[in-house]
Amino acid sequence: MTTPDAAAQTPAADSSREPAFRYTPALAQEIELRWQDRWEERGTFHAANPSGDLTGPGGAAPSGDPYFILDMFPYPSGAGLHVGHPLGYIATDVVGRYRMMQGDNVLHAMGFDAFGLPAEQYAVQTGEHPRVVTERNIEIYRRQLRRMGLAHDQRRTFATIDPGYVRWTQWIFLQIFDSWYDADAVRPGGGKGRARRIAELRDELAAGTRPVPGYPAGTDWAALSVTEQRDVLDSQRLAYVDESPVNWAPGLGTVLANEEVTADGRSERGNFPVFTKALRQWKMRITAYADRLTDDLELIDWPEKVKSMQRNWIGRSTGASVRFDVIGTSDDDAAGAGEQVEVFTTRPDTLFGATFMVVAPEHPLLDEVPAAWPDGTREAWTGGHATPAEAVAAYRAASAAKTAVERQADAGKKTGVFTGHLAVNPLTGTPIPVFTADYVLMGYGTGAIMAVPGGDDRDFAFATAFELPVIYTVLPDGGLPEGFEGAWTGDGVTVNSPAADAGDIPASDLAINGLGVAEAKAATIAWLEARGIGEGTITYRLRDWLFSRQRYWGEPFPIVWDEQDRPVAIPESALPVDLPDVPDYAPRTFDPNDQDSSPEAPLGRNDDWVSVTLDLGDGPKQYRRDTNTMPNWAGSCWYYLRYLDPSRADADTVVDPALDAYWMGPNHNPESGVAGGVDLYVGGVEHAVLHLLYARFWHKVLFDLGFVSSVEPFGKLFNQGYIQAYAYRDAHGFPVPAAEVEGNETSGYTWQGQSVAREYGKMGKSLKNVVTPDEMYEAYGADTFRLYEMSMGPLDVSRPWNTRDVVGSQRFLQRLWRNVVSEDTGETVVSDEVPSTETLRAVHRAIADVTAEMAGMRPNTAIAKLITLNNYLTSLDSVPRAAVEPLVLMVAPLAPHVAEELWERLGHPESLAREPFPVADPQYLVEDTVTCVVQVQGKVRGRLEVPPSISDADLQAAALAEPNVVKAMDGKPVRKVIVRAPRLVNVVV
RNA sequence: GCCCCCGUAGCCCAAUCGGCAGAGGCAGCCGGCUUAAACCCGGCCCAGUCCGGGUUCGAGUCCCGGCGGGGGCACCA
């Protein structure tokens, strides 16, 4: 580094006359390294399992309530940590240490998410194997994290690339592959729908108790060929292969899940264009779980923001599907007459107002269109084309040529064309034109809508552009507001259903005028169902999860393909399937805009690996291995389970059921709810719909199959804020090294004499504002660093890093140190005298406050209370042991090394890690007198010192006698007196 | 366009059920210590809570409408 780092600026380092035993960065470092070694030697943070060989420190059995803490899995990038990364890790460490002192059996460990693109990309650049790169990065992370003094159980760490871990990732994949979703099966805990074994499906099909999916009713299972049977079963699996439109990113060389594509049609990683392309890929049937993934959010303690993002993403919407008859043109033949188009609508109550219909350009109805424009076709509808066939072909071509980005940019602009088809509104009997337009998406609902311009903004915009009639069927009380134009989408009363002037032959006997929206919906659905025209339906935005990637650095699929090109599971005994060596592990990437390219899996480059002879029960046969790898998310879908049982190898279950029940089962401790799961999961909000959705899905499959007992993996989720930083740019807009900038908010900022502009944003190399934990350890020590991060503000709020402010935390620890240890002699200086009542009150007040703040996960305010107590003790002539010992214990979760050191110097040979957290004695929490505020008309006019137990009547009498109050009342009669004894009296005159 | 969160001292942030606007830290100022400076110690200064209404005896806190900042979703029928 060419710039002077923070270490060089530390004041403590340059003075030769500093007291010999001051708590300097050098001393802090010595203490910290010593205690880190001791903790490791003693196994201080070993969490005790109720069975097996993982015991507590010194072989101890579990005691207290189990409490499972989880951090979002770090991905060890080559850049190492900056000070923003560990915020959550420190927070969970503080909670873990606090709970440990409260007597809980705390499980807290950290592993590494190590497959994935960054390591692979780095490896491609440097020519090193991704495993080498990844393992080196993990070592750097381990060192940086250990230096922070995190109370992790080191026996439970692992990385997703460990063969022993990959084995189980693949094993879980096989469980999912071996399952199907029975939507009607009743779950043990209640509710319908659960995963079952594929063998059970086969048995039911063979027994004829279940219709064969995809075949006409009454099809005999036994009449199907073996391959036909396999195809049926394969099509029902929760992990399946099919050919359908997927997201293909040529510039990245792989296909992606919907969740990995941004709203403007680019890859979240790398920002490459993404194209929709029909490809044969692995998918996971997450849509089968859409309802449970939505409903079970009720059972867990998560930020409302994340819950709503998940609900949003799943996008459940309730409505009805309605079938419209399509009629040909007048001279059309009978063949087209019977056709129907099904639409999905959330507003069946507005069906009387459906004046036209729109289908997506890809809709199969458009494969044949009438030969000529029907009577009544308007000029504006045809797009200037002579025939419907021409018009539709032109629009379909134009629409197909649009990229997702263009389609996005055109949103709002309504384009489309009449298809020549007419459909019949089943309620009014009126023929209505069928349009095609790209504002209707083939991928949602049925790809067709009934357009109600009177009740939908998009339909209104289209109707306006194409001169189509608007019928309002819902109006607010008192009719549309003066001057209102557009669709009425709000609540209201149903009208025009049927219209008063519908004539003497009503097309239907449904009459919903006067009903509210909800009742009108229900009545319409009932009417449609009774006549077989439609039914109540639920649709989802969620799509099945695209699970295969054409990448090297991921878990291989435990699947081979047989000579019929059908997938076959690798037997569990043959797991894990290791990654082969390949001549080149770089992905095959293409011009980012080359839509016609196709993915090519790097694993396919090793023919010896791909082609394999196996005996899978019917003699040795030749198979072809699946050459895809799993997405990065696979490893993080179940890592929390691995902490419970980190060395589990060959077994029938991924985690010992006894351990699962103990650590994660429903109600496994007093705070755990019926859903069970991890007690505290801390991480950033960025995984709201990726990792957190996928992991919940896998967990629910494992639950259905009986491998875990909790309904949800993460009972409580907490999103920490981000630590951001100031950056500075010179007159040309170039970032200058932030550490060298001088000045402040009022005087302005300069760098090397020139004025620079400050901005606020992420910490990163390009902004030259990175501060690393290593710099902080060097300049202040880990305890000060931890304390500063925790005192910056509430955990869930983002805030700016300010190295300049760190000194405040350091001063606190120095004062604490001085209250116990003489800076000159190094002797312990506490007195064994009984503390004064005033001191005891200060101590117990602090204990009560700190306990409340810690329990509420507010370390910033807990620290403020600790500083207050410490400052009070500083003011005493001598510090009583009985006062400072509780303080040291309370500081321990936040600044554990210095607390351990002081605790030892105070004469305690054992670590304080499991020492009981101090408990406040209620007798020192009551005051002799309290200050009562007396207000007149809500303004403070006087104060009274009164006993806390004073009665309302006495207090009122005293208040009305107070001279300033009497003066303020100015002789006016008292109208009312509000008494909140003993703190407040308010006199109203 | 729709939804969510946040605006308190120069800066980062507290404030229980609606009850005295200040816990803590940074910066600043004054003093002590020091040959001097830094460190350290003691003390001080600093906002009426983004703006406008409303409810209430009483509003930073609740309600309505704006403004500013951050985030999510976005042609999802």
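First the proteins, then the strands, lettered A, B, ... as listed; each starts at 1. Side chains included, hydrogens not; waters and symmetry mates left out as well; all remaining heavy atoms used. Quick caveat, the model's predicted, so the values are computed rather than measured.
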Quiz item: Looking only at N and O atoms, is any donor in the side chain of A/Arg818 or the base of B/rC40 less than 3.5 Å from an acceptor on the other one?
Solution: no
Quiz item: Will you find, in the side chains of A/Tyr728 and A/Asn769, an N or O donor that is under 3.5 Å from an N or O acceptor?
Solution: no
Practice problem: Could you tell me whether A/Arg811 contacts a base, only the sugar-phosphate backbone, or nothing, with contacts defined as non-hydrogen atoms closer than 4.0 Å? | Solution: sugar-phosphate
Polar atom pairs between nucleotides 14-19 of chain B and protein, under 3.5 Å, N or O only, would you list them?
{"unit_1": "B/rG19", "atom_1": "O6", "unit_2": "A/Arg980", "atom_2": "NH2", "d": "3.4"}
{"unit_1": "B/rG19", "atom_1": "N2", "unit_2": "A/Gln935", "atom_2": "OE1", "d": "3.0"}
{"unit_1": "B/rG19", "atom_1": "N2", "unit_2": "A/Asn986", "atom_2": "ND2", "d": "3.1"}

Self-check item: Residues A/Asp349 and A/Thr524: side-chain donor-acceptor under 3.5 angstrom
Solution: no
Quiz item: A/Ser308 near the nucleic acid: base, sugar-phosphate alone, or nothing, with a heavy-atom cut-off under 4.0 Å?
Solution: nothing
Exercise. Tell me what A/Asp457 touches on the nucleic acid: a base, only sugar-phosphate, or nothing, going by heavy atoms under 4.0 Å.
Key: nothing
Quiz item: So, is A/Arg541 near the phosphate of B/rC73, with a side-chain N or O under 4.0 Å from OP1 or OP2?
Solution: no
Quiz item: Contact class for A/Arg22 vs. all strands (heavy atom < 4.0 Å): base, sugar-phosphate, or nothing?
Solution: base
Quiz item: Is there side-chain contact between A/Met442 and A/Pro364, with heavy atoms separated by less than 4.5 Å?
Solution: yes
Quiz item: When you check the gap from the basic side-chain N to the acidic O, do A/Glu535 and A/Arg323 get nearer than 4.0 Å?
Solution: yes
Self-check item: A/Ser317 vs B/rA77: side-chain N/O to OP1/OP2 distance below 4.0 Å
Solution: yes
Exercise. Calculate the interatomic distance between A/Trp302 atom CH2 and B/rC4 atom P; express it in whole Å.
Key: 21 Å
Practice problem: Pick base, sugar-phosphate or nothing for A/Ser798, based on heavy-atom distances below 4.0 Å to the nucleic acid. | Solution: sugar-phosphate
Quiz prompt | Whole-Å distance separating the CG atom of A/Asn802 from the P atom of B/rA27 | solution = 10 Å
Quiz item: Are the aromatic ring centres of A/Tyr788 and A/Trp801 under 6.0 angstrom apart?
Solution: yes
Quiz item: Hey, does A/Pro303 have a side-chain heavy atom less than 4.5 Å from the side chain of A/Leu717?
Solution: yes
Quiz item: In the structure shown, which nucleotide is the Watson-Crick or G-U wobble counterpart of B/rG65, with both distances under 3.5 Å?
Solution: B/rC51
Quiz item: Base, sugar-phosphate, or nothing for A/Thr868, non-hydrogen atoms under 4.0 angstrom?
Solution: sugar-phosphate
